[in-house]
Every structure is written in C-alpha cells, then in structure tokens.
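Excluded from the calculations below are hydrogen atoms, water molecules and symmetry mates; all remaining heavy atoms, backbone and side chain alike, are included.
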Protein chains: 2
Amino acid sequence: MANQPLFVAGPNCFTCQARERTEWCVLQDAELRLIEDGKKSRRYLPGETIFREGDTPDGIFCIESGMIGLRKSDAEGNTVLLNLLSEGETLGYRAFLADSEYDASAEALEPSTACFVDRPTIRRLLEHNPALGLRFLKRVAKDLGDADEKILHNVSLSVRARFAHLLMVFVERYGKLADNGSSSIDLPLSRQDMASMIGTTPESMSRTIKKMETDGIARFSGRTVQIPSCRNLVNEFDPEVFV
Amino acid sequence: MANQPLFVAGPNCFTCQARERTEWCVLQDAELRLIEDGKKSRRYLPGETIFREGDTPDGIFCIESGMIGLRKSDAEGNTVLLNLLSEGETLGYRAFLADSEYDASAEALEPSTACFVDRPTIRRLLEHNPALGLRFLKRVAKDLGDADEKILHNVSLSVRARFAHLLMVFVERYGKLADNGSSSIDLPLSRQDMASMIGTTPESMSRTIKKMETDGIARFSGRTVQIPSCRNLVNEFDPEVFV
DNA sequence: CCGGTTGTTTGATCGGAGTCAAGCTACCCA
DNA sequence: TGGGTAGCTTGACTCCGATCAAACAACCGG
C-alpha cells in the first residue's frame, strides 16, 4: 500500500467521493472517461466569478472542492444569495439545459476548484444515457420546489424566523452533533452573505443574532455556532400548535 | 364547409389551438393519439381543487380551458399564489417528473376544464420521444428562473413596484393594445389573489391601487384596467437611470 | 326581496426592519 | 508595526406595510 503512492495530481472523476451523491452517479465508466478526458479544471479564489448573470453558457461546471454561491442582482445593486453549492455538485445546468442565458452569477465563497465540461461532451452523454437527463430534470425540479418555499417564507416569516430556518438547513448540511445533544456548525458564510440569503441587511442580521443569543437559541463565536436545542430552533419558524 | 359541421363534443388534442405553444408541440399524430385515447377530462368550478399540496401525483394535467392557480400555503394559513396557468398549459409536471409530492395546490380560478393523462401514458411518451423530456426540462428551468426573479423582487422592491411588475406581466399575457397607445387588461384575478401573488395583504393592495390611480399610472374599474402608458408603468419597477 | 357570505375599501395604529451614521474589530500587507 | 480596508456591531430615527376594526358593496340562494 505504500509502494504505489495514492497521490492524485488533480481532480479526478473516478476517485471523486462526492459523485455518488450527484447527477453523475448514473454514469458508466466509459462515460465518465469522456468527462475526465474532456474537462478543464481551474482554481478560484474567494470572491472570484465563475460565470456572470447574462452570460451564455458553453457547458456545465462541476465543483471539485470548496464552495460556490449563486447570486442574483438587479440594476440598483440589490443582491440575493440564492443557493450554495459544494463539493461534487453541478453548477450552471439550468441555463445550459434551458438553452438560455445565466440568470444568476456564480462566485467562489472559499478557495475552490471547479471543472468545466463542454457542450459537445454533455450533449453526447445526454444522448447516450437518457437517465442523466432525467437526473437533471429532478434536480431542477427540486430547486424549483426550494425556490417556491423560499418565496412563501419571505412573505410569511420574520427575519428572525427565516434566519432560524437557514440555521436549521446549515445544521442538516454541515452540522456536527455533540455528545450532550447540542449541535455545532462552522458557518460557511460571512454574516453579510447570510443576510443576503434571507433577504435582509447586515444590520438586521447582527441584531437578530444578538437577540437569539440572549434568548439562548444559539451561541455565536466567529463563524462557529452552538445550538443547544434544535427543537427550540425549529420552533422559531415552525411553532408548535400543541404546547 | 357548411355540410360537415365543425362541432367538437369535448376537448380534443388534435384540434387544441393552444397545443402549439406548449410542451406537447413536439408530438407526432400517433403520439397525440395516445393521449387523446387515454386522457380523462373533467370540469372544475371556481375555487375547486385539482390537486392538493402533499398529494402524490399519478399523472399530469393539461388545461383545456379556463384558468388554474398554483397556491402554496403553510401551517399558519399564509398563502402565496405562485403561478397562473391557462388554456393549453400543463399542470403538475414538477412533482410528477421529480417523483415527489405536490408542493403546491392547484385550484380553478375560473370555470375550467382539465384533462388528466396517466403515468403509463406519459412514461411511454417520454421513452418514445426524448424531445418531450427536453421540453419539460426547459419548462421547469424557466419556472425556476421566474421563481428566482420573484425572490429578488420580493426583497428589493416595494409593494407598489411589485404590483406594477405584475400588471406588466398581465399586459404582456392578457393585454389588448388600444388605438391611442394605451393598453387594457381584463384582470384574471380578484384583488385578494393579486395581493397574494405579490406577497401582500388585500388592504395594502387596495391602497396601492388607489394611489396608482391618482398618479395616473392606471385606471381601475372592476376587473378592467387601463394603462395609459406602459413606459410609466415599467418605470415603477425598473427606474431609468437616465432621465 | 332579503339576509348572509365574501370581497373591497377606508381609517387608525403599531411595530419590524430598513437607512444613515459612527465606532469597533480583525486581518492583510507594505 | 502600523495604517488601510473589509466586515461587524450599535444607536437613533423613519417609514412601509401589517394588523385591527368597521363600514360598504356585490353577489348568491332561498
């Protein structure tokens, strides 16, 4: 085991651990080879843009490591962080598959590596393996469901409730359960970015955090959050009818 | 031409004028025959429910006439009208294609007829004609784009600007251009429903309408709206940087 | 024709959250 | 090491829009 070092020079589709959980899990080895041979890999620094709202897609990106944010903005400079994508996830499929322009920008939130798979390769894969198209369909459908839920939340919940919900999502995605029943998360985002995810300002975000601390819902220190009781957190946005 | 009366007993896919503008336009006659023979048609009265949030889809609906609203609601009774669908449009594809539950309810807003196409038929069509799947993919992708835009609008625009935008959408979809350059629309919705489309209350809706009348942006009488100048209307939500 | 239900309008009030302004912290790099 | 730049926090103020309440209009079934 020590003879042949397991060193891998760069991202490799065959060894990618995340692939099993994504659209690409339906691919056979031969098909994977197509991607592996055709892809172009690149590193992005935090803040760097992968593609910009309005651009025309030439292919699809796949995140090898790091975290990418999808951000939409209007003429006056208002922005919303619509989605977070990490390791193994696909990026830019919506516009590509719909044959339209990007309607949001993608930017690296951490140092990240992403692979680019060009149009001819994707096209060949889709023709060769119809299950891949169906996978993407499901993915877009799920995203649509999430977006609809966000719309409802934005109009019916307070900033505090929306933030509690966001924290709960983070707990599910990045949280570690401690032995005493409390959860802890390393937030993947700045407070500013969290504010723009729930559609509020950094000032309101800051005040909300402070209040939740004094209420014992969560303890914040830097980007680390301790959640003593997930039940209490859930109650913030999904209040129990029965006490 | 008078010998053979063109009378059609019920909805018929072959004579459906709206089909050309929908996903089904890619179907051949033989494929259309499959739907035509397998579909079940039904009438719905205003307020009647076609399917309910949480139900499991058994097929896809297609609107033959009338107007259907997609409504999402939470436990506390808050609701949002997410989308309007009319003649020829497909309904319930998201949950069906994603193999998940409905995440919104569909209800008739006018007297409507809808056809139901069952799972086996859709499955056969998708296998037989891959273009249909691609069409649906585009449709979901477009819906997702719309949803994202709505999220951004809800956080960055005022009730008035959001309503102006909604009116503009109605002008594009249902508007008639008068000879003097003004547009007129027969609103497909009650004020309550418009309020829930832009995420506000009937009271605020009413006040907003009144203000826009006094400002000369639009003239409301019942469900009919006159828009003297679309330019002015657009300015409400997309203010010109250059005067 | 009337009483009931549902939708719309109007008024008065209140509060959540945005805005503006200023100080604070942390980190980068010259 | 220190100054510069982001990001974060805090305070004071304002205002949009929700809420509560009530009057009104419109429509429907009996």
Side-chain angles (χ1 to χ4, degrees), chain A residues 45-48 69 74 76-81 107-111 152-164 166 187-215 218-225 236-237, chain B residues 45-48 69 71 74 76-81 107 109-111 152-164 166 187-215 218-225 236-237:
Chain A
L45 294 174
E48 231 179 311
D74 64 12
E76 280 95 293
N78 305 295
T79 76
V80 202
L81 201 45
E107 73 180 59
L109 300 171
E110 308 172 348
L152 181 60
H153 276 185
N154 277 335
V155 307
S156 63
L157 299 181
S158 65
V159 165
R160 172 161 172 157
R162 264 142 55 204
F163 182 51
L166 182 68
L187 292 180
L189 292 175
S190 69
R191 285 156 202 238
Q192 262 189 153
D193 283 338
M194 288 192 295
S196 91
M197 282 203 83
I198 61 169
T200 188
T201 58
E203 293 96 320
S204 293
M205 181 83 272
S206 181
R207 285 185 242 271
T208 304
I209 286 177
K210 200 179 193 186
K211 252 190 246 162
M212 287 178 87
E213 274 218 327
T214 67
D215 293 351
R219 285 210 66 250
F220 298 81
S221 99
R223 291 199 175 187
T224 303
V225 192
E236 291 282 329
F237 57 91
Chain B
L45 294 175
E48 234 181 309
R71 172 170 272 134
D74 64 13
E76 281 96 293
N78 305 296
T79 76
V80 202
L81 242 197
E107 74 181 59
L109 299 172
E110 308 172 350
L152 181 60
H153 275 187
N154 276 336
V155 307
S156 63
L157 298 182
S158 65
V159 166
R160 172 160 172 155
R162 264 142 57 204
F163 182 51
L166 183 67
L187 292 180
L189 292 175
S190 70
R191 283 150 204 238
Q192 260 189 155
D193 283 337
M194 290 192 294
S196 91
M197 283 203 83
I198 60 171
T200 187
T201 58
E203 293 97 318
S204 294
M205 180 84 272
S206 180
R207 285 183 241 273
T208 304
I209 285 177
K210 200 180 191 184
K211 253 189 246 161
M212 287 178 88
E213 274 217 328
T214 67
D215 294 350
R219 284 210 65 249
F220 298 80
S221 98
R223 291 198 174 186
T224 304
V225 193
E236 290 282 328
F237 58 90

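Applying the 4.0 Å criterion to OP1 and OP2 of C:dG18, one finds that A:Thr201 has a side-chain N or O inside that range. Look at B:Ser206 and you'll find a side-chain N or O under 4.0 angstrom from OP1 or OP2 of C:dT9. A close approach under 4.0 Å does not occur between any side-chain nitrogen or oxygen of B:Ser190 and OP1 or OP2 of C:dG7. Taking side-chain N and O atoms only, A:Lys210 has a distance below 4.0 Å to OP1 or OP2 of D:dT10.
Residue B:Lys211 contributes atom NZ, which lies 8 Å from atom C1' of D:dC16 at whole-angstrom precision. B:Asn78 places its CG atom 13 Å from the C1' atom of D:dT19, with the value rounded to the nearest Å. A:Asn154 has its CG atom 15 Å from the C1' atom of C:dG16, to the nearest Å. Put simply, CE on A:Met194 is 12 Å from C1' on D:dG7, counting in whole angstrom units. Here D:dG7 presents its P atom at 10 Å from CZ of A:Arg223, a figure rounded to the nearest Å. Rounded to whole Å, atom P of C:dG16 lies 15 Å from atom CG of A:Leu157. Rounded to an integer number of Å, the gap from CD of A:Glu76 to C1' of C:dG18 is 16 Å. For the pair A:Arg191 CZ and C:dT25 C1', the interatomic distance rounds to 12 Å; values are reported in whole Å.
For B:Leu109 against B:Pro46, the heavy-atom pair with the smallest separation is O-CB, 4.0 Å. The two residues B:Val225 and B:Ala218 come nearest to each other via the heavy atoms CG1-CB, 3.9 Å. The two atoms that bring A:Thr214 and A:Lys211 nearest to each other are OG1-O, 2.9 Å, heavy atoms only. Summarising the geometry of B:Phe220 relative to B:Glu213, their closest heavy-atom pair is N-OE2, 2.6 Å, with the distance given to 0.1 Å.
Toward the 5' end of DNA chain C, the nearer of the two residues B:Arg207 and B:Asp193, judged by each one's closest nucleotide, is B:Asp193.
An angle of 40°, rounded to 10°, separates the two end axes of the helix from C:dC1-D:dG30 to C:dA30-D:dT1, each defined over five pairs.
Side chain to side chain, B:Thr224 and B:Ser221 fail the donor-acceptor criterion of an N or O pair below 3.5 Å.
Annotation: A:Arg223, atom CZ; neighbour count of heavy atoms from other residues, nucleotides and ligands within 6.0 Å is above 12.
For the side chain to side chain donor-acceptor pair (under 3.5 Å) test with A:Arg162, the passing option among A:Asn154, A:Thr200, A:Thr208 is A:Asn154; the others fail.
In the set C:dA17, D:dG17, C:dG7, the nucleotide with an atom closest to the side chain of A:Thr200 is C:dA17. Ranking D:dT10, D:dC20, C:dG7 by closeness to the A:Glu203 side chain, first place goes to D:dT10.
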